[in-house]
Amino acid sequence: MNNIAGSSSTLSKELFERVGRYRHKVFIETLGWELTTRNGEELDQFDRPDTLYVVSQDDDGNVNGCARLLPTSQPYLLGEVFPELMNGAPVPCSDEIWELSRFAAVDFNSRTTSALSQFSSEVAVRLLQDSIAFAAEQGAKRLITVSPIGIERLLRRAGFHAHRAGPPMIIGGHPIFACWIEVRQPGA
Amino acid sequence: MSDKPYVRMTFDAMQRRSLRHLVSALDEDDHALPGDGAVASAITGYTEWVGDGEPVLTMGWDWEMRAGTDGSGVALRRVGDPRSNLCVVMRAGAADDIEDSSTLLKILIDRSNWQEETLRYLQRRYDG
C-alpha cells in the first residue's frame with residue numbers, strides 16, 4: 001500500500017489519467033452517479049491545476065483509492081453545487097478550511113472486497129488519515145466533506161472527530177451529507 | 001472560523017423535540033463496520049432521523065436485527081454511537097463534551113420507539 005499526494009502537475013501524467021479512470025469506475029460505473037466524463041475519465045470543474053490529490057496504490061501499482069482536496073477560499077463542490085447541505089449556515093470560505101471530496105477506496109483487484117465497500121477497508125482508513133495530514137500540511141485546521149453517510153463510520157474508525165453540518169439529502173436513493181472533520185485531534 | 005461546528009442543546013430541550021424518520025437501509029456488504037456489541041453474522045444497517053423545527057437536528061445510528069424475544073418476527077437494537085450535528089449537555093452552563101453528548105443521545109434513542117417505524121420502512125424498501 002502506497003499513498004502519493006500532489007497536484008495534477010506533480011503527479012505523473014500517467015498516474016493522473018489512471019486516477020480519472022479509477023474515479024469513473026467507482027463513481028459512474030459502480031455507484032451510478034451522473035457525473036461529467038472526459039475520455040473515459042471522471043473529471044469535473046473542480047479538477048483544476050491547483051487541486052490536490054491523494055492516491056493510494058497497491059503493491060502492483062494499481063490505484064485502489066483516491067481523494068481530492070480543495071481550499072474553500074476557491075470554488076469547491078459543496079460551495080458551488082451543494083450549499084443546501086449546510087442547513088442554512090453560510091458555506092465555508094477560508095484558507096484554513098479545506099474540502100475533501102471524491103473519496104473512494106475500492107480495490108477492484110481484490111477478490112474479497114465488495115465494490116460497494118469503499119469505506120470499510122484498511123486502505124480507506126490509511127487514505128483518510130493521509131488525506132487529512134496532507135491538508136494539514138497546506139494549513140487546514142478543519143475539513144468539510146460532501147460524502148455518502150458511510151464516511152462517518154470510517155471517520156470514527158480512524159479516530160477522527162466529525163460533526164454533521166446538517167441533515168442528509170437523499171440523492172438517487174442514497175443519503176449524502178456535509179460533515180466537519182477536525183484536523184487537530186484532542187491530545188494531539 | 002467558528003469554534004463550534006455543531007448545534008448545542010440541553011438534554012431537557014432535546015427531550016421536547018420530536019424526530020421523524022428520514023431513511024434506513026441494510027448494510028450493503030459484509031465489510032460494513034459494526035459498532036460496539038455488533039455481531040459479524042447479524043443483519044445490520046443504519047437509520048437516519050431529522051428533527052422538526054429550527055435548528056434542524058440530524059441523527060443517525062447503526063442497528064442490528066435479531067429474532068424477537070417472543071420467538072416471532074424480528075427486533076432492531078441500536079449498536080455503536082449515534083452520529084449527529086448535536087452537542088447535548090445536561091445543563092445550560094455545562095461545558096461541551098462530545099463523549100457525554102454521545103451518552104445522552106444514546107439514552108434518548110434507546111428511550112424512543114424508533115424500531116417500529118424503521119422496520120416498516122425497511123419492509124417497504126426491500127419487499128419484492
Side-chain angles (χ1 to χ4, degrees), chain A residues 31 72 84-90 92-97 105-107 110 112-122 124-125 140-144 148-158 161-171 173-182 186, chain B residues 1-9 19-36 38 40 44-63 79-88 96-99 101-102 105 121 124-126:
Chain A
L31 296 177
T72 61
E84 61 269 36
L85 288 174
M86 291 300 295
N87 193 22
C93 180
S94 167
D95 288 333
E96 295 183 344
I97 303 175
V106 180
D107 187 348
S110 168
T112 58
T113 304
S114 157
L116 290 170
S117 63
Q118 76 267 33
F119 301 130
S120 59
S121 69
E122 288 182 19
V125 172
K141 293 182 177 172
R142 189 177 287 165
L143 267 63
I144 187 89
I149 57 173
I151 202 168
E152 282 183 301
R153 291 168 158 178
L154 175 60
L155 287 162
R156 293 275 171 88
R157 186 185 185 193
H161 282 175
H163 291 277
R164 296 175 174 195
M169 286 172 52
I170 312 298
I171 296 182
H174 299 284
I176 65 164
F177 76 133
C179 185
W180 291 106
I181 304 168
E182 299 300 324
Chain B
M1 185 167 64
S2 167
D3 288 337
K4 294 179 180 175
Y6 44 71
V7 175
R8 191 174 187 279
M9 189 167 284
L19 294 171
R20 62 181 166 79
H21 179 263
L22 179 66
V23 66
S24 296
L26 303 175
D27 287 331
E28 291 174 315
D29 62 80
D30 58 4
H31 291 266
L33 302 171
D36 57 76
T44 60
Y46 66 83
T47 187
E48 290 289 332
W49 294 70
V50 180
D52 291 324
E54 296 288 336
V56 176
L57 311 179
T58 167
M59 291 171 61
W61 57 92
D62 297 339
W63 49 258
V79 291
D81 293 334
R83 302 173 288 267
S84 77
N85 64 337
L86 285 159
C87 181
V88 180
D96 295 357
D97 186 313
I98 296 303
E99 288 187 16
S101 174
S102 182
L105 286 173
Y121 180 90
R124 283 198 306 271
R125 178 168 180 159
Y126 294 101

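In what follows, chains carry the letters A, B, and so on, assigned in the order in which the sequence lines appear, proteins first and then strands, with residues in each chain numbered from 1. Keep in mind that what you see is a predicted model, and the values were worked out from it rather than measured.
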- Item | Distance-minimising heavy-atom pair for A/Pro168 and B/Glu48 | CG-OE1, 3.6 Å

- Item | With sequence neighbours excluded, residues passing salt bridge (charged side-chain N to carboxylate O under 4.0 Å, His left out) with B/Asp96 | B/Lys4, B/Arg8

- Identify, with sequence neighbours excluded, every residue that meets salt bridge (charged side-chain N to carboxylate O under 4.0 Å, His left out) alongside A/Arg156.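 Per chain and number, A/Arg156 pairs via salt bridge (charged side-chain N to carboxylate O under 4.0 Å, His left out) with no residue.
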
- Query: CD/A/Glu152 to CG/B/Asp81 distance, rounded to the nearest 0.5 angstrom?
  - Reply: 11.5 Å

- Under a 4.5 Å cut-off applied to non-hydrogen side-chain atoms, are B/Asp62 and A/Arg153 in contact?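 Side-chain contact under 4.5 Å: yes.
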
- Query: Got a sec, which residues hit side chain to side chain donor-acceptor pair (under 3.5 Å) with B/Asp97, two or more places apart in sequence or on another chain?
  - Reply: none

- Task: Tell me the residues of residues 51-61 of chain B whose non-hydrogen atoms fall below 4.5 Å from those of chain A, in number order.
- Result: B/Val56, B/Thr58, B/Met59, B/Gly60

